[in-house]
Chemist: 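The structure under discussion is supplied below as structure tokens; questions concerning it will follow.
When reading the values below, keep in mind they use all heavy atoms of this one structure, side chains included, and skip hydrogens, waters and symmetry mates. Note that the coordinates shown come from a computational prediction; the quantities given were computed from them, not determined experimentally.
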Amino acid sequence: MTTDPPPRILPCGDSAVTIEFGDTVDAALNDRVLALDAALAAAPFSGFVEAVPTYRSLMVHYDPVTIGFDAVADLLLDLAASAPALPAGGRRWRIPVVYGGAFGIDLEDVAKRHGLTADEVVARHVAGDYRVYMIGFLPGFSYLGGLDQSIATPRRDDPRLVTPPGTISIGGVQAAVQCLAAPSGWHLLGRTPVRTYQPGRDPVFLLAPGDRVMFHRIDEADWATLDAAAEAGEPVAE
């Protein structure tokens, strides 16, 4: 019989602690992170402020006037050992993407790097069954695992100061859905009209850790209609 390794507790200043479950990008580790996050949300301890899930760890912010580090650490270790597993699967999303050209200015370079055509890169990208591991960096920026290793590409040596909203990109073994315009060292394969973050919409955040994502290719001619629908608050993603 195998058992999970015990998590590691790391202090983060005087009002936060990280509980770390491992050091790899792994769905089972991420499941443990999300189970603990859900358990805290269901029964927060006195002094709990918020929790931030990542690939393999959970950062927990607390009020140090109400509770101390040692007590928080003990609570988290006990809860991690007893937190029930979450239901398998999560939600599934199908996200439209315009690939290449002005919408994906790195597609051709990525293809050349791997000895593929642009269409072959797109085919391998849309064939993936991706998992949302975490949301971070920017509101709605979704970090995805499940990229086909044959198109995994190290990040750019010269990051761009601005990349457009809706960018669909890859960096190393990761894929991403970017919502807002921002700097990036990732490779831009395409863009989606989907807003993963939209204030005033319910829900504000479309994707959540544990969700599954698939991409499908659309024509540039479809962009304006779908973009207008997304701006009006429609999810556009199926």
Side-chain angles (χ1 to χ4, degrees), residues 25 27 30 33-34 52-55 89-107 110 121-149 151-153 155-156 159-160 162-220 222-223 225-238:
V25 177
N30 192 240
V33 171
L34 300 183
V52 183
T54 72
Y55 277 104
R91 298 171 300 174
R92 285 190 164 269
W93 299 96
R94 188 167 178 261
I95 293 179
V97 181
V98 179
Y99 286 94
F103 289 82
I105 57 178
D106 294 324
L107 177 60
V110 169
V121 171
V122 172
R124 296 181 191 199
H125 190 261
V126 300
D129 182 11
Y130 300 90
R131 176 191 175 101
V132 181
Y133 274 88
M134 67 178 190
I135 310 294
F137 172 55
L138 295 166
F141 191 102
S142 304
Y143 288 86
L144 312 180
L147 180 68
D148 188 321
Q149 295 301 291
I151 58 172
T153 308
R155 297 188 191 192
R156 293 173 52 86
R160 296 184 173 94
V162 179
T163 57
T167 290
I168 301 299
S169 57
I170 59 175
V173 299
Q174 303 174 100
V177 182
Q178 176 181 320
C179 185
L180 306 176
S184 179
W186 295 41
H187 301 274
L188 317 184
L189 301 186
R191 286 181 67 194
T192 180
V194 172
R195 273 69 162 167
T196 54
Y197 166 73
Q198 191 170 30
R201 182 188 63 194
D202 184 17
V204 174
F205 294 96
L206 197 63
L207 305 183
D211 286 355
R212 310 295 300 200
V213 169
M214 296 185 69
F215 298 106
H216 70 101
R217 189 173 196 169
I218 60 172
D219 293 331
E220 184 177 343
D222 297 325
W223 175 268
T225 299
L226 291 175
D227 188 51
E231 182 64 25
E234 296 182 27
V236 176
E238 300 170 357

Chemist: Can you measure from CD1 (Ile151) to CG (Leu107) and round to the nearest 0.5 angstrom?
Modeler: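 So the gap between those two atoms works out to 9.5 Å.
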
Chemist: Looking at every heavy atom in both Pro96 and Pro193, which two are closest together, and how far apart are they?
Modeler: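 Nearest heavy atoms, Pro96 then Pro193: O-CD, 3.8 Å.
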
Chemist: With no hydrogens and no angle check, is any side-chain donor or acceptor of Asn30 less than 3.5 Å from a backbone partner on Thr54?
Modeler: yes

Chemist: Just by modelled atom types, is the Gly172 backbone N or O under 3.5 Å from a matching donor or acceptor in the Thr153 side chain?
Modeler: no

Chemist: I need the Glu220 CD to Asp222 CG distance, nearest 0.5 Å.
Modeler: 10.0 Å

Chemist: So, the side chain of Thr225 versus the backbone of Trp223: is there a donor-acceptor pair under 3.5 Å, distance only?
Modeler: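 Here the side-chain-to-backbone pair does not exist.
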
Chemist: Atom CZ of Arg217 and atom OH of Tyr99: how far apart are they, to the nearest 0.5 Å?
Modeler: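 OH of Tyr99 is found 8.0 Å from CZ of Arg217.
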
Chemist: Mind listing the closest non-hydrogen atom pair of Val173 and Ala152 along with its distance?
Modeler: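 Nearest pair, atom of Val173 first, then Ala152: CA-CB, 4.3 Å.
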
Chemist: Do Leu188 and Asp106 have side-chain heavy atoms sitting under 4.5 Å apart?
Modeler: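 In short, these two side chains touch, coming nearer than 4.5 Å.
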
Chemist: For the side chain of Thr167 and the backbone of Ser169, is there at least one donor-acceptor N/O pair under 3.5 Å apart?
Modeler: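 Side chain of Thr167 to backbone of Ser169, a donor-acceptor pair under 3.5 Å: no, none is there.
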
Chemist: Does Arg131 make a cation-pi contact with Tyr133, if we ask for NZ or CZ under 6.0 Å from the ring centre and within 45° of the axis?
Modeler: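 Yes, Arg131 sits over the ring of Tyr133.
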
Chemist: When you compare the side chains of Gln198 and Arg201, does any donor N or O come within less than 3.5 Å of an acceptor on the partner?
Modeler: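 Checked: Gln198/Arg201 side chains pair up, N/O donor to acceptor below 3.5 Å.
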
Chemist: Where the side chain of Thr196 meets the backbone of Leu206, is there a donor-acceptor pair that is under 3.5 Å apart?
Modeler: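 No: the side chain of Thr196 does not pair with the backbone of Leu206.
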
Chemist: Do the side chains of Arg92 and Asp129 get close enough for a salt bridge, i.e. N-O under 4.0 angstrom?
Modeler: yes

Chemist: Working to the nearest 0.5 Å, report the span between OG1 of Thr192 and CD1 of Ile218.
Modeler: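 Going from OG1 on Thr192 over to CD1 on Ile218, the span is 6.5 Å.
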
Chemist: For Gly128 and Met214, which heavy atoms make the closest approach, and how far apart are they?
Modeler: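 Residues Gly128 and Met214, closest heavy atoms: O-CG, 3.9 Å.
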
Chemist: How about Ile168 and Val177: do any of their side-chain heavy atoms sit closer than 4.5 Å?
Modeler: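 Yes, at least one pair of side-chain atoms sits under 4.5 Å.
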
Chemist: So which heavy atom on Met134 is nearest to which on Pro209, and how close?
Modeler: CA-CG, 4.1 Å

Chemist: Does some side-chain heavy atom of Pro165 sit less than 4.5 Å from a side-chain heavy atom of Arg191?
Modeler: yes

Chemist: Would a 4.5 Å heavy-atom cut-off, applied to side chains only, mark Pro235 and Val194 as touching?
Modeler: no

Chemist: Establish, yes or no, whether a centroid distance under 6.0 Å links the rings of Tyr130 and Phe215.
Modeler: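 Judged by ring-centre distance (under 6.0 Å), Tyr130 and Phe215 do meet the cut-off.
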
Chemist: Would you say that Ile170 contacts His125 through its side chain, given a criterion of any heavy-atom pair below 4.5 Å between the two side chains?
Modeler: yes

Chemist: If you measure from CG on Leu189 to CZ on Phe103, what distance do you get to the nearest 0.5 Å?
Modeler: 14.5 Å

Chemist: Heavy-atom distance under 4.5 Å between the side chains of Thr163 and Trp186, does that happen here?
Modeler: no

Chemist: Should the pair Phe137 and Phe141 be assigned to parallel (<30°), tilted (30 to 60°) or perpendicular (>60°) ring geometry?
Modeler: perpendicular

Chemist: Ignoring hydrogens and geometry, is there a side-chain-to-backbone donor-acceptor pair from Glu231 to Gly233 under 3.5 Å?
Modeler: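 Absent.
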
Chemist: Step by step, would you call Leu144 with Val132 a side chain to side chain contact (heavy atoms under 4.5 Å, CB included)?
Modeler: CA-CA 5 Å; Leu144 312 180; Val132 181; 3.6 Å; yes

Chemist: With a 3.5 Å distance limit and no angle check, can you tell me whether Arg156 reaches the backbone of His187 through a side-chain donor-acceptor pair?
Modeler: no

Chemist: Would you name the heavy atoms of Ala182 and Leu138 that are closest together and state the gap between them?
Modeler: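 Here Ala182 and Leu138 meet closest at CB-CD1, 3.2 Å.
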
Chemist: Which atom pair, heavy atoms only, marks the closest approach of Ser184 to Gln178?
Modeler: CB-OE1, 4.3 Å

Chemist: Is there a side-chain contact between Phe205 and Pro139 in this structure, where contact means two heavy atoms from C-beta onward sitting under 4.5 Å apart?
Modeler: yes

